[in-house]
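Just so you know, ligand 1 is whichever comes first in the structure, and atom 1 is the first atom listed for that ligand. These numbers were taken from a predicted model, which means no experiment stands behind them. Positions are given from 1, in the same order as the sequence printed here.
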Amino acid sequence: MMLGKGSESKGGIAMPDQNPFLAGSFAPVEEEITAFGLPVTGTLPPDLNGCYLRNGPNPMGLEDPGARWGDGHWFLGSGMVHGVRLRDGRAEWYRNRWVRSRQVSTALGEKWPGGPTHDDADFAANTHIIRHAGRVLATVEAGPLPYQLTDDLATVGPYDFDGKLPGGYAAHTKLDRRTGELHAIAYYWAWDYVQHIVVDGAGRLSRTANIPAPDGPMMHDFALTDRYVVLFDLPVTFSMDAVAAGRKLPYTWNAAHQARVGLLPRAGQHPGQPGAVRWFEVEPCWVFHTLNAYDDGDRVVVDLVRYGAPYDVSTLDGKGPLTLERWTIDPGRGTVSPRGLDDRAQEFPRVDDRIVGQPHRYGSSAVIGEVSRGTMSLSGDFADGAFANALLKHDLAAGTNEAHEFGRDATAGEAVFAPASAGAGEDDGYVLAFIHNPDRGAADLVVLAAQDFTGEPVARVHLPARIPLGFHGSWMPDE
Ligand SMILES: [Fe+2]
């Protein structure tokens with residue numbers, strides 16, 4: 001596998017370019033590995049049968065021949081999916097695979113599987129990986145199509161929902177388990193709208209609706225309740241100036257863009273007609289991720305991670321603070337009331353996937369010093385090392401939280417909840433995350449008992465390689 005042209009070796013240690021996203025915990029891996037019968041410390045729950053898959057950027061150096069490593073922006077590296085298969089108390093395999101876009105296939109000397117593209121925006125989807133209606137999709141936003149993978153992480157090809165997807169798709173989706181509907185919000189720089197996309201429980205694209213949105217806002221995530229799709233139209237918008245400056249991810253802070261939250265009614269939607277979105281103005285800020293949302297009487301409650309203004313995604317530059325908040329939207333009063341839940345710098349908020357859109361009591365997030373530093377301000381000073389690498393469990397009913405700390409050198413990743421069984425309660429199960437093991441120089445899949453969150457992990461699956469800091473993943477139980 002190729003090494004970057006600019007790499008030097010000093011004393012046997014590879015010295016990457018100055019780009020921080022090529023170094024340390026972010027540094028890409030060079031090889032695709034398949035390993036069977038993984039060693040485990042502790043005891044894997046025998047009923048935990050399925051796959052944990054996680055996507056993230058793993059630049060090949062070919063994303064843009066004129067600016068190696070995909071412009072050096074963390075979000076632009078070709079996607080690589082890391083997966084661990086658990087069955088009957090054993091860790092059957094680990095695999096890591098690049099998503100085979102045309103460019104990745106060429107770089108690997110392979111034939112591109114082929115398939116549709118949107119506006120020639122082919123890209124190795126690097127942001128999330130989900131399974132819906134039996135189909136495993138690596139997803140990304142801002143124009144390209146998702147890529148379908150096999151259960152063994154081989155690339156099938158780009159996927160456009162049988163030709164029904166009008167444009168690109170989205171990184172984040174919300175599955176309503178009661179209706180089987182998979183919701184997404186797509187955006188694209190050339191559109192003067194964002195697009196609400198609904199896929200039914202059988203995997204068929206059932207409707208889309210275009211929602212007018214001036215200035216080309218980035219909408220990385222959204223939220224879902226029984227009644228509403230909750231939209232975040234915040235002042236990070238497409239910038240021709242940033243394009244002219246050569247930025248490959250040209251979304252910058254736009255102080256002239258009114259920050260607002262929208263409630264799009266789910267009922268009564270017809271194809272192409274979004275219905276009446278009600279917008280509520282909020283203070284300027286940035287939100288990458290919501291934890292969850294639900295209806296509370298006439299009001300809507302959304303928990304999210306908020307970045308203090310201003311925030312420039314093209315340079316990943318913001319000053320913060322970066323906190324977990326609860327926003328209560330009151331349509332009757334026309335107000336959005338924020339309330340702080342936890343002011344530790346955290347990201348990757350997740351709720352039990354089974355209760356997306358329903359009232360939740362618990363949620364998790366990750367405190368990752370490298371990510372906070374890298375996504376807030378490249379020169380930011382995160383002096384508080386006490387929570388540099390930790391997973392947090394929030395009890396939002398009790399107003400308490402617990403931290404499972406992994407130490408300064410044990411880089412943590414997003415945590416995902418795996419229920420103990422299909423019918424288990426909200427907190428009855430396990431929390432899975434890839435955590436760097438500095439003693440081995442490789443990652444472990446750490447399995448925490450959700451109800452003994454700060455206790456010793458019930459199991460650590462020792463993986464044969466390092467896993468770069470990445471984005472989002474899913475637990476996909478056997479069906
Ligand atoms: Fe995300």
Side-chain angles (χ1 to χ4, degrees), residues 21 26 52-58 70 73-82 99 123-132 137-144 146-147 168-175 182-188 194 197 217-224 229-234 236 249 251 285-293 302-307 311-314 316 318 322-325 345-351 353 356 363-368 370-372 374-376 391-392 412-417 433-434 467-475:
F21 298 111
F26 293 98
Y52 171 60
L53 305 185
R54 201 220 66 190
N55 204 349
N58 199 84
H73 196 295
W74 189 28
F75 295 1
L76 295 179
S78 298
M80 176 179 274
V81 176
H82 302 260
V99 176
F123 181 71
N126 69 1
T127 311
H128 209 326
I129 182 154
I130 61 168
R131 182 179 64 187
H132 183 64
L137 296 175
T139 61
V140 69
E141 69 205 53
Y147 262 84
Y169 198 52
H172 284 276
T173 57
K174 306 292 175 194
L175 176 64
L182 183 73
H183 291 250
I185 300 291
Y187 69 93
Y188 187 50
V194 298
I197 300 161
M218 169 178 267
M219 288 196 191
H220 179 68
D221 198 2
F222 66 104
L224 189 72
V229 176
V230 187
L231 303 162
F232 294 85
D233 182 7
L234 301 174
V236 173
L249 203 162
Y251 285 83
C285 67
W286 175 242
V287 175
F288 273 120
H289 297 122
T290 61
L291 176 81
N292 189 37
V302 191
D303 291 346
L304 50 80
V305 172
R306 171 192 182 273
Y307 292 65
Y311 196 82
D312 185 334
V313 173
S314 78
L316 294 176
L322 167 56
T323 58
L324 185 68
E325 292 195 346
Q346 59 201 279
E347 253 295 358
F348 302 114
R350 289 293 291 259
V351 72
D353 285 336
V356 165
S364 70
S365 57
V367 178
I368 311 169
E370 294 90 332
V371 168
S372 299
T375 59
M376 290 293 286
L391 299 181
L392 301 181
E414 178 191 59
V416 168
F417 183 78
F434 288 140
I467 296 181
L469 268 172
F471 299 136
H472 305 288
S474 297
W475 168 246

Query raised in the report: Does Asn126 use its side chain to pair, donor to acceptor, with the backbone of Gly79 at less than 3.5 Å?
Result: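 No, Asn126 side chain to Gly79 backbone: no donor-acceptor pair under 3.5 Å.
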Report task. Examine Tyr251 together with Tyr187 and report whether their ring centres are nearer than 6.0 Å. Result -> yes
Query raised in the report: Considering only heavy atoms from C-beta outward, does the side chain of Ser314 approach that of His73 to under 4.5 Å?
Result: no
**Report entry** Of His220, Glu141, Met219, the residue whose pairing with Ile185 passes side chain to side chain contact (heavy atoms under 4.5 Å, CB included)
**Finding:** Met219
Query - Set of salt bridge (charged side-chain N to carboxylate O under 4.0 Å, His left out) partners for Asp312, sequence neighbours left out - result: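 None.
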Query raised in the report: Tell me, which protein N/O/S atoms are under 2.8 Å away from the Fe ion (ligand 1)?
Result: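 Short answer, with waters excluded from the count: His172 NE2, His220 NE2, His289 NE2, His472 NE2.
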Report task. Report the relative orientation of the aromatic rings in Phe75 and Phe471; use parallel for angles under 30°, tilted for 30 to 60°, perpendicular for over 60°. Result -> perpendicular
